[in-house]
Amino acid sequence: MLTMQEIKSHYYFTDTDAKLLEELLPLAEKNCEAMVEEFYGYLLKIPETAAFLRDPGALQKLRKTHAQWFLSLFCGCYDNGYMITLQGIGQAHVRIKVSAHYVNAAMNVVRRFLIELLQANFPEIEARRKYRIAVEKILDINLDIMSTSYQEEELRKVFVSHRLESKLIHAAERFTYGLNLILVVALIVVSLSVVGLFFWDLVHVFSGSLEKGILSALGSLLILWMMIELMDNEIKTLKGGKFNILIFIGVIIVALIREILISTLRHDALETQAFLAGTLLILGIVYFLVAKSQNVNAH
Ligand code: HEM
């Protein structure tokens, strides 16, 4: 946060400038009413600013407020108290949501008014130049301090939305992580069931139905192999790796192969077997296309 002393030094605003402005006070007082007329003539012509000035009672009070501010430009004392007052003025406009654009434009009206006033009252160029430079500096300082309130408001909004955004993202990440953990546990349970299935198939081998037992056991082993791949993929995802969709298609293909093996043994209807084979073919094509597109993206 800058002090008024620092702000003044950045604008090369000296004690001489302060004295010059004080000298202009009588002229400013004489023309204050004309300035307020011009200021309000301007604000009332623009629908967006006129909307703030509808109430005649409030308008009368506001004219006095704006006149006081105008005269304060020539008070001759520009200390931290002056800066705090300007910050309050800036905040008042931010609070009622007058766009910074109109405050800048209104300041331009005041600037033009004062330059013309100096033009009319100081025919001697050198004297006019001194006053003009001092007036320009104090107007720029006023605008600078008032517009800081707008920048602070913008920063506050960005900061609040950024904080909310990162909190939401963090919560979503934790939630996804939790779901992935549940998935790993589920995969472990399913894998253990597949191991059980494999042993159940072996029981068939020893209980006489050799062909059925071997084919079913083979199918179970295929599924187990895909389960290992699936868990491996899931663990990689948990560690921050990339999700691989191919593994999932692979699991479905393997499950389908197992179903085809069993279907053959069960001597299912030809249509059922044709349907399974057709589905397998489609999944095979999908697998091929996804694998190809992954290769293209990798290069
Ligand atoms: C050169 C630019 C301007 C200056 C120096 C200025 C100055 C001031 C001052 C000194 C106040 C009193 C603040 C307080 O209560 O602490 C004020 C309030 C106000 N100004 Fe301005 N003003 C400017 C531009 C505008 C513009 C463009 C509008 C648009 C209509 C506007 C509308 C108002 C209103 C409605 C209030 C009353 C705020 C409230 O109810 O709190 N001002 N202004």
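Hydrogens, waters and symmetry mates are skipped; everything else that's a heavy atom, side chains included, is used.
Counting heavy atoms of neighbouring residues, nucleotides and ligands inside a 6.0 Å radius, atom CG of L179 exceeds 12 of them. The 12-atom threshold is not exceeded at CD1 of I125, counting heavy atoms of other residues, nucleotides or ligands nearer than 6.0 Å. Applying the 6.0 Å contact sphere to CZ of F288 captures no more than 12 heavy atoms from other residues, nucleotides or ligands.
Contact check on D15 versus K8 returns no salt bridge, with no Lys/Arg side-chain nitrogen under 4.0 Å from an Asp/Glu carboxylate oxygen. Salt bridge R132/E136: present, at least one basic N to carboxylate O contact under 4.0 Å. Of the charged side-chain nitrogens involved, none lies within less than 4.0 Å of a carboxylate oxygen, so that E124 and R129 do not count as a salt-bridged pair.
Residues L71 and L73 are members of one and the same hydrophobic cluster, defined by side-chain heavy-atom contacts under 4.5 angstrom among Ile, Leu, Val, Met, Phe, Trp and Tyr. By the criterion of side-chain heavy atoms lying less than 4.5 angstrom apart, applied directly or through intervening Ile, Leu, Val, Met, Phe, Trp or Tyr residues, L86 is grouped together with V109 in one hydrophobic cluster. Tracing side-chain contacts under 4.5 Å through hydrophobic residues (I, L, V, M, F, W, Y), one never reaches V195 starting from W200; they form parts of separate clusters. Cluster membership check: M107 shares its hydrophobic cluster with L62, using side-chain heavy-atom separations under 4.5 Å among Ile, Leu, Val, Met, Phe, Trp and Tyr. Note on I253: it does not cluster hydrophobically with L197, by side-chain heavy-atom contacts below 4.5 Å among ILVMFWY residues.
Taking the side chain as every heavy atom from C-beta outward, F275 and D268 never approach each other to under 4.5 Å. F113 is not listed as a side-chain neighbour of Y42, based on a closest heavy-atom distance of 4.5 Å or more. For the pair I247 and M231, the minimum side-chain heavy-atom distance is 4.5 Å or more. Counting only heavy atoms from C-beta outward, the side chains of V254 and E229 never approach each other to under 4.5 Å. Between I141 and F13 the shortest side-chain heavy-atom distance falls below 4.5 Å. Between I285 and L289, the closest side-chain pair of non-hydrogen atoms falls below 4.5 Å. A 4.5 Å side-chain heavy-atom check between E23 and Y131 finds at least one atom pair inside the cut-off. L139 has its side chain within reach of L114: a pair of non-hydrogen atoms, C-beta onward, lies under 4.5 Å apart.
With sequence neighbours excluded, the residues satisfying side chain to side chain contact (heavy atoms under 4.5 Å, CB included) with T3 are Q5, E6, N80.
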Exercise. How far apart are the C-alpha atoms of Y150 and H93, what are their side-chain angles, what is the distance that settles it, and do they pass the side-chain contact (heavy atoms from CB on, under 4.5 Å) test?
Worked result: CA-CA 9 Å; Y150 283 93; H93 294 92; 3.2 Å; yes
Problem set entry | side-chain contact (heavy atoms from CB on, under 4.5 Å) between W225 and V194, worked out | CA-CA 10 Å; W225 171 53; V194 177; over 6 Å; no
For this session: Begin with the C-alpha distance, continue with both residues' side-chain angles, and end with the deciding distance and a verdict on side-chain contact (heavy atoms from CB on, under 4.5 Å) for I145 and Q87.
Result: CA-CA 6 Å; I145 298 173; Q87 284 168 347; 3.6 Å; yes
Problem set entry | side-chain contact (heavy atoms from CB on, under 4.5 Å) assessment of F70 paired with V110 | CA-CA 8 Å; F70 177 68; V110 179; 4.1 Å; yes
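For the pair C32 and A67, the tightest heavy-atom approach, listed with the atom from each and the gap, is SG-CB, 3.6 Å. The two residues F39 and A106 come nearest to each other via the heavy atoms CE1-CB, 3.7 Å. T148 approaches D144 most closely through the heavy-atom pair OG1-O, 2.8 Å. A pairwise comparison of heavy atoms in L187 and M227 identifies CD2-CE, 3.5 Å as the closest pair. Heavy-atom minimum distance, L202 versus A217: CD2-CB, 4.5 Å. The heavy-atom pair separating I249 from L283 by the smallest distance is CG2-O, 4.0 Å.
Atoms OH and CD1, on Y82 and I84 in that order, are 13.5 Å from each other to the nearest 0.5 Å. Atom CG of L183 sits about 10.5 Å away from atom CD1 of I188, to the nearest 0.5 Å. Annotation: the span from M4 atom CE to S9 atom OG amounts to 10.5 Å, rounded to 0.5 Å. For the atom pair CG of L118 and CG of L24, the computed distance is 6.0 Å after rounding to the nearest 0.5 Å. Once rounded to the nearest 0.5 Å, the distance linking CD1 of I257 with CD1 of I223 reads 10.0 Å. Taking CZ of F198 as the start and CG of L218 as the end, the distance is 9.5 Å to the nearest 0.5 Å.
When atom types are taken as modelled, the side chain of D232 and the backbone of I228 share no donor-acceptor pair closer than 3.5 angstrom. Checked by atom type and distance alone, the side chain of T49 never pairs as donor or acceptor with a backbone atom of K45 at under 3.5 Å.
There is no side-chain donor-acceptor pair under 3.5 Å between Y78 and D17.
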